[in-house]
Every structure is written in structure tokens, then in C-alpha cells.
2 protein chains.
Amino acid sequence: MSHESDHTQAKERLLDTAENLFARKGFVATTLRDISTELGLTHASLYYHFPGGKEDLFAAVMERNILRHGAGLAAAITEAGSDLRARSRGAAAWLLSQPPIDLIRMTEADMPALPESVARKLMDLVYRELIIRLRSVFEAAVRSGAISASTDSGLVAGAFIGLVESLHSVPFFAVKNTRGDMANELIDILLKGLDYAGGGTK
Amino acid sequence: MSHESDHTQAKERLLDTAENLFARKGFVATTLRDISTELGLTHASLYYHFPGGKEDLFAAVMERNILRHGAGLAAAITEAGSDLRARSRGAAAWLLSQPPIDLIRMTEADMPALPESVARKLMDLVYRELIIRLRSVFEAAVRSGAISASTDSGLVAGAFIGLVESLHSVPFFAVKNTRGDMANELIDILLKGLDYAGGGTK
DNA sequence: GTCTATATTTCGATAGAC
DNA sequence: GTCTATCGAAATATAGAC
């Protein structure tokens with residue numbers, strides 16, 4: 001078992017390091033040498049775990065990244081109960097605990113550098129694991145009467161992500177509190193704008 | 001004069017093409033060959049206009065890009081009059097008419113690849129031309145009593161940019177209207193959340 | 001102003017030793 | 001599993017002709 005354990009551990013460490021770099025800097029700006037150096041390895045060693053090279057590594061790593069984003073999002077929402085404000089706060093806190101998801105960079109820079117099939121698969125995954133999952137939260141709030149149906153829930157979900165993720169590039173804002181506090185402040189504004197009348201901490 | 005005109009025209013065309021690519025894909029993912037090919041030139045020709053190479057070209061192009069963003073923002077706000085909703089809509093329409101400003105990519109990928117001095121200058125420029133300019137709009141609304149002072153205007157300004165810019169990666173949202181329409185819808189929510197009671201089209 | 005030709009560096013990738 | 005060594009491709013950059 002120790003053989004397989006070594007194998008698994010090494011691969012897991014590789015996935016973690018690669019994920020952090022790929023998620024932050026993207027496919028093009030991250031080199032295999034960046035990853036291997038951070039691991040204390042040579043770049044040739046990466047081909048043992050991913051014979052398909054950079055492209056396969058990126059696909060595997062980003063798929064894992066997006067799936068974990070979605071799983072964590074689902075867990076955060078469930079744990080938050082049924083209140084929309086608590087759910088939103090939980091979702092934002094989770095998103096901020098993860099490396100940023102830069103949809104603009106993925107669309108403009110990463111996807112054009114990848115085979116069409118890989119690009120579409122990853123974008124579909126983002127849509128399913130992030131947008132739809134968040135949209136469901138707002139749709140549920142509409143059905144329960146907590147907010148009105150005047151605004152498209154998909155639009156609100158997309159805006160929510162853009163708003164929270166933009167807090168990652170935080171040096172630009174006059175920072176006083178933590179990013180989590182700032183997210184909560186913005187969520188309060190958003191929910192008020194959606195005519196939310198429910199309970200929750202305020 | 002025709003000599004200088006040729007020179008100026010060629011350089012202007014280069015700046016326009018380079019700006020579109022650099023703004024969309026960033027410093028690392030854009031190659032000099034991408035730019036020269038789109039211009040119908042060889043990449044060596046670019047060194048005539050920018051002897052400093054890729055780095056100088058990027059710095060000049062992004063400085064121009066950010067300054068035009070700021071100038072257009074100021075113009076859009078002025079033309080919109082004094083109403084906060086009209087100002088917000090004008091600002092959003094302008095931002096959406098320009099190539100996206102990806103603050104996350106700039107922070108995580110572009111800046112680390114540039115000399116510290118260039119990076120800081122560009123980020124300062126973004127702060128001054130975008131964040132502060134938008135913050136002033138919300139601060140003015142607070143002073144005039146159109147919205148309450150309960151929320152930090154800098155935070156709102158940052159959120160506004162993140163929210164509008166995220167519309168650039170629009171395939172992810174269930175798209176029905178134009179991006180401008182979606183922006184206006186989100187602005188209405190935001191202003192309502194800020195207790196905006198002013199006039200304007202709704 | 002733009003070209004061709006070439007130098008230099010960096011990156012992704014493969015082969016084979018340990 | 002990781003290394004050394006090496007290859008070919010691509011990118012930045014320079015020199016000089018036109």
C-alpha cells in the first residue's frame with residue numbers, strides 16, 4: 001500500500017500546486033517549470049503523472065477545481081439553512097476561500113489556447129457547478145416569496161459571482177474590513193435591491 | 001507633413017491593435033506575432049515604433065487604454081447630468097463599449113511578469129481613473145442626499161466595476177437582452193439596495 | 001517604415017539512467 | 001518517482017538591407 005500511497009500523495013501534491021497556479025494565472029501564463037519549481041522537482045517529472053503534458057494536467061486540475069467549487073458551494077448553501085441572506089453569505093465566504101475564478105481570462109485567453117472540446121467541457125462545468133447552483137438559490141427564494149420574480153435569476157446569479165470574485169483583486173478598494181465583511185455588506189445591498197424581506201442577521 | 005502623418009498613422013494603428021489584444025488576453029498570452037500578424041506586418045517591424053520591445057509596448061498601450069477608460073467615464077458621467085441612475089447607466093454603457101478590464105488577471109498574471117515600477121504605475125492609474133472616478137459619483141449622491149451614507153462608496157464603486165465587467169464574459173448567463181440592458185437591470189437593483197429615491201427612467 | 005535573417009532564450013516534450 | 005540530457009518549436013530581440 002505504501003507504494004500506492006506514495007504515488008497518490010505525490011500526485012495529490014502536484015494537483016494542489018498546479019491548481020493554485022493555473023487558477024490564479026491561467027493556462028498560458030503558467031509554465032510547467034513554475035509548477036515543478038514550486039514542488040522542488042524538475043519539469044520532466046510532471047510527465048510521469050500526466051503523460052499527456054500541460055494540456056492534460058490543466059484539464060484535470062481545472063475540472064477538479066470547478067467540481068470542488070461546486071461541492072463546496074452546495075455544502076455552504078445546505079449548511080446555511082433556508083434563509084436567502086445566510087445562504088448568500090455562506091456561498092460568498094466559500095468562494096472567497098478558494099482561488100479566484102476569472103471568467104474573463106478563461107474566455108479570452110485560456111479557451112482559445114485549448115482544443116475546442118476541452119474548452120467547451122470546462123465552460124459547461126463552470127456553468128453547471130457555479131451559475132446554475134447559485135441560480136437555484138435565487139429561484140428558490142422567488143418560489144418561497146422571499147423575493148419577487150421581477151428579475152431574471154440567472155442574471156442575478158452571474159452578477160453575484162462577478163461581484164464576489166472581484167473582491168479577490170482587493171488592493172483596489174479602500175480596504176478596511178476583511179473580504180468576507182465586504183462581501184456581506186454588498187450582499188445586504190443586493191438583497192435589499194431584490195426586495196428581500198426575510199430574516200437573517202443584519 | 002505627410003512623413004509625420006504616415007508615422008503617426010502607422011503608430012496609431014499599431015496602438016489600436018495592440019490594445020485590443022493586450023486588454024483582452026493580457027501581457028503574457030499576447031505575443032508580438034499576434035499583433036504584427038493582425039496588422040499584416042512582421043513582428044520585427046514593431047521594434048521600429050517601440051525600441052523597448054514588448055514591455056514598452058504593453059506599458060504604453062495599457063496606459064493609453066486606462067486613460068481613455070477614465071476620460072470616457074468622465075464624459076459619460078457629465079453627459080448624464082446629475083441623476084445617479086442616469087450616471088450609472090452612462091458609466092456602464094461606456095465600460096461595456098470598451099475591451100474588458102480584468103483586474104484579477106492584471107493582478108495575478110500580468111503584474112508579476114512586469115517590473116515592479118511599471119506594475120505599480122499601471123495599477124495606480126486604474127485606481128485613479130476608474131475606482132476613484134466612480135467613487136466620486138456615489139459620494140456626490142450621498143452628499144446630495146440621494147442615497148444614504150451607510151455604505152462605503154469605495155466598496156460600492158469596486159463592486160460596480162466588477163459587476164459590469166463580469167458581463168463581458170456573457171455566454172455564461174442566460175442571455176436574452178443586450179449586455180447594456182442587463183447592466184441597467186443590475187443597476188436598478190443596486191440603486192434600490194442603496195435606498196435610492198431619485199428620479200430617472202425606470 | 002517594413003523587410004529578411006539570425007541570435008538568444010524559454011517552453012513543452014521525449015529518451016533513458018537511477 | 002525523479003533525475004539528466006537533449007530536442008524542436010516558438011517567442012523576444014537585434015542587425016542590416018531596401
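Residue numbering restarts at 1 for every chain, and letters A, B, ... go by the order of the sequence lines. Predicted model only: the values in this text are computed from it and were never measured.
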Margin query: Which nucleotide wins on minimum distance to the side chain of A:Ala10, given the candidates D:dT2, C:dT2, D:dT4?
Written below: D:dT2
Item checked: Close side-chain approach of B:Ile101 to B:Leu130, heavy-atom, < 4.5 Å -> yes
Check: Under 6.0 Å from the six-membered ring centre of A:Phe22 and within 45° of its axis: does the NZ or CZ of A:Lys54 meet both?
Finding: no
Any donor-acceptor pair under 3.5 Å linking the side chain of [X] with the backbone of [Y]?
X	Y	result
B:Thr30	B:Leu21	yes
B:Asp34	B:Thr31	yes
A:Arg133	A:Glu129	yes

Next item on the list: Sugar-phosphate atoms are those with a prime plus P, OP1 and OP2; base atoms are the rest. Using that split, label each nucleotide of nucleotides 11-18 of chain D B, S or - for protein heavy atoms under 4.0 Å, 5' to 3'.
Entry: BBBB----
I need the [atom1]-[atom2] distance between [X] and [N], as an integer number of Å.
X	N	atom1	atom2	value
A:Asp56	C:dG12	CG	C1'	13 Å
A:Ile35	D:dT2	CD1	P	14 Å
A:His49	C:dA13	NE2	P	16 Å
A:Leu46	C:dA13	CG	P	11 Å
A:Leu41	D:dT4	CG	P	11 Å

Next item on the list: Ignoring backbone atoms, establish whether B:Thr42 has a side-chain N or O less than 4.0 Å from OP1 or OP2 of C:dT2.
Entry: no
Note to self: Is B:Ser45 close enough to C:dC3 that one of its side-chain N or O atoms is under 4.0 Å from OP1 or OP2 there?
What the structure shows: yes
Checklist line | The single option from B:Arg64, B:Gln98, B:Arg24 passing side chain to side chain donor-acceptor pair (under 3.5 Å) against B:Glu19 | finding: B:Arg64
